[in-house]
Peer 1: 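Supplied in structure tokens, the structure appears directly below.
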2 protein chains.
Amino acid sequence: MAKAKAEEFTPEEINLADIAKALSHPARIKILKILASLNICVCGKIVDELPLAQATVSQHLKELKRVGLIKGEIEGPKTCYCINTGAIKKAYDDFQKLFNNISKECKISCKTATK
Amino acid sequence: MAKAKAEEFTPEEINLADIAKALSHPARIKILKILASLNICVCGKIVDELPLAQATVSQHLKELKRVGLIKGEIEGPKTCYCINTGAIKKAYDDFQKLFNNISKECKISCKTATK
DNA sequence: ATCGTTCATCGCAAATATACGATAGATAAG
DNA sequence: CTTATCTATCGTATATTTGCGATGAACGAT
């Protein structure tokens with residue numbers, strides 16, 4: 001099962017895992033890069049940049065939108081997507097916090113201190 | 001399908017997505033925190049800290065080991081796990097690079113520049 | 001009103017991920 | 001050697017993810 005006693009985890013752990021899940025596919029990483037590099041709302045060219053069908057890309061965009069990393073606005077027949085800078089910053093901070101805690105606290109490795 | 005034309009993505013994108021995948025479950029985030037907080041190789045107590053069966057925890061540990069975020073050494077009847085500090089640092093750097101690129105390059109949001 | 005463009009969604013298939021009980025292997029203790 | 005402990009792995013069930021074709025909705029252009 002994908003969930004069982006998840007209530008045993010903290011909201012922070014669950015939230016960070018969710019963001020990580022959104023980043024856990026090369027296509028979604030690439031989408032973020034594309035959106036960022038175009039430096040402006042993109043209304044469709046994303047599909048052309050990926051080796052995936054339009055329906056699939058749409059799903060990846062939906063997933064990124066679900067976790068809030070990007071924003072999308074319908075604009076006539078097109079849809080305008082762009083980076084949600086605030087959410088990116090928060091994700092950045094959260095990952096930084098996690099990694100910092102891990103690196104800071106663990107000073108003894110297996111090799112040097114195998115009980 | 002989980003993969004199709006993945007060769008269209010760069011090794012960096014694939015690798016970072018893989019690390020993210022390893023972090024995409026609350027249990028694995030928690031495992032990293034536990035390993036870090038105990039500050040020394042842990043040989044079993046991890047299961048007690050999680051609302052999951054031993055077999056399941058073992059699988060999560062395997063996944064973290066697969067991407068290199070932790071190291072494990074068999075030690076008698078027990079197995080000693082600990083953080084792989086180097087891999088954590090590299091993951092930290094990679095995420096930082098990604099987020100920095102995204103934040104830096106995208107200065108115009110939908111609201112301010114809708115085409 | 002009709003056509004073409006753009007994108008989301010549905011429905012389906014295949015692949016993965018998640019979870020757990022049962023079992024096996026390795027070793028320490030007796 | 002036998003037993004107890006610890007952990008990896010196997011087998012299985014279920015859920016989720018990924019991918020794509022087909023379809024539909026929205027809109028601009030004609």
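Residue numbering restarts at 1 for every chain, and letters A, B, ... go by the order of the sequence lines.
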Peer 1: Given that B/V57 and A/T56 both sit by DNA chain D, which one's nearest nucleotide is further toward the 5' end?
Peer 2: B/V57
Peer 1: Strictly distance-based, threshold 3.5 Å: is any side-chain N or O of B/D94 a donor or acceptor partner for the main-chain N or O of B/L16?
Peer 2: no
Peer 1: When you measure from the side chain of A/K21, which nucleotide among C/dA19, D/dT17, D/dT9 comes out closest?
Peer 2: D/dT17
Peer 1: So does A/N100 get a backbone contact from the side chain of A/S103, meaning a donor-acceptor N/O pair under 3.5 Å?
Peer 2: no
Peer 1: Quick check for you: among D/dT18, C/dT9, C/dA19, whose closest atom lies nearest to any side-chain atom of A/S58?
Peer 2: C/dT9
Peer 1: Starting at atom NE2 of B/H25, determine the distance to atom C1' of D/dT17, rounded to an integer number of angstrom.
Peer 2: 14 Å
Peer 1: Are A/E13 and B/K33 close enough, and set up right, to give a salt bridge (charged side-chain N to carboxylate O under 4.0 Å, His left out), and what steps lead you there?
Peer 2: CA-CA 10 Å; A/E13 285 160 355; B/K33 286 186 184 174; 3.4 Å; yes
Peer 1: Check the distance between C/dA19's C1' and B/L52's CG and give it to me in whole angstrom.
Peer 2: 8 Å
Peer 1: Counting side-chain heavy atoms from C-beta on, which of D/dT17, C/dC20, D/dA22 comes nearest to A/A55?
Peer 2: D/dA22
Peer 1: What's the NE2-P distance between B/H60 and C/dA19, to the nearest Å?
Peer 2: 4 Å
Peer 1: Rounding to a whole Å, what distance do you find between A/L23:CG and D/dT17:P?
Peer 2: 14 Å
Peer 1: With a 3.5 Å cut-off and just heavy-atom distances, do the side chain of A/Q59 and the base of C/dA8 make a donor-acceptor pair?
Peer 2: no
Peer 1: Whole-Å distance between C/dT18 P and A/D18 CG?
Peer 2: 12 Å
Peer 1: Could you state the atom-to-atom distance from CG of A/L61 to C1' of C/dT9 in whole Å?
Peer 2: 14 Å
Peer 1: Counting heavy atoms from C-beta on, name the nucleotide in D/dT18, C/dA8, D/dA8 closest to the side chain of A/Y81.
Peer 2: C/dA8
Peer 1: Which whole-number value in Å describes the distance from B/R66 CZ to D/dA8 P?
Peer 2: 16 Å
Peer 1: Mind checking what makes salt bridge (Lys or Arg N to Asp or Glu O under 4.0 Å) contact with B/K30, not counting sequence neighbours?
Peer 2: none
Peer 1: Show the atom names and distances, to 0.1 Å, of all donor-acceptor pairs under 3.5 Å that link a side chain in residues 47-64 of chain A to residues at least two apart or in another chain.
Peer 2:
unit_1: A/H60; atom_1: ND1; unit_2: A/R28; atom_2: NH1; d: 2.9
unit_1: A/E63; atom_1: OE1; unit_2: A/R66; atom_2: NE; d: 3.1
unit_1: A/E63; atom_1: OE2; unit_2: A/R66; atom_2: NH2; d: 2.8

Peer 1: Output the rounded distance in Å from CD (A/Q54) to P (D/dC20).
Peer 2: 11 Å
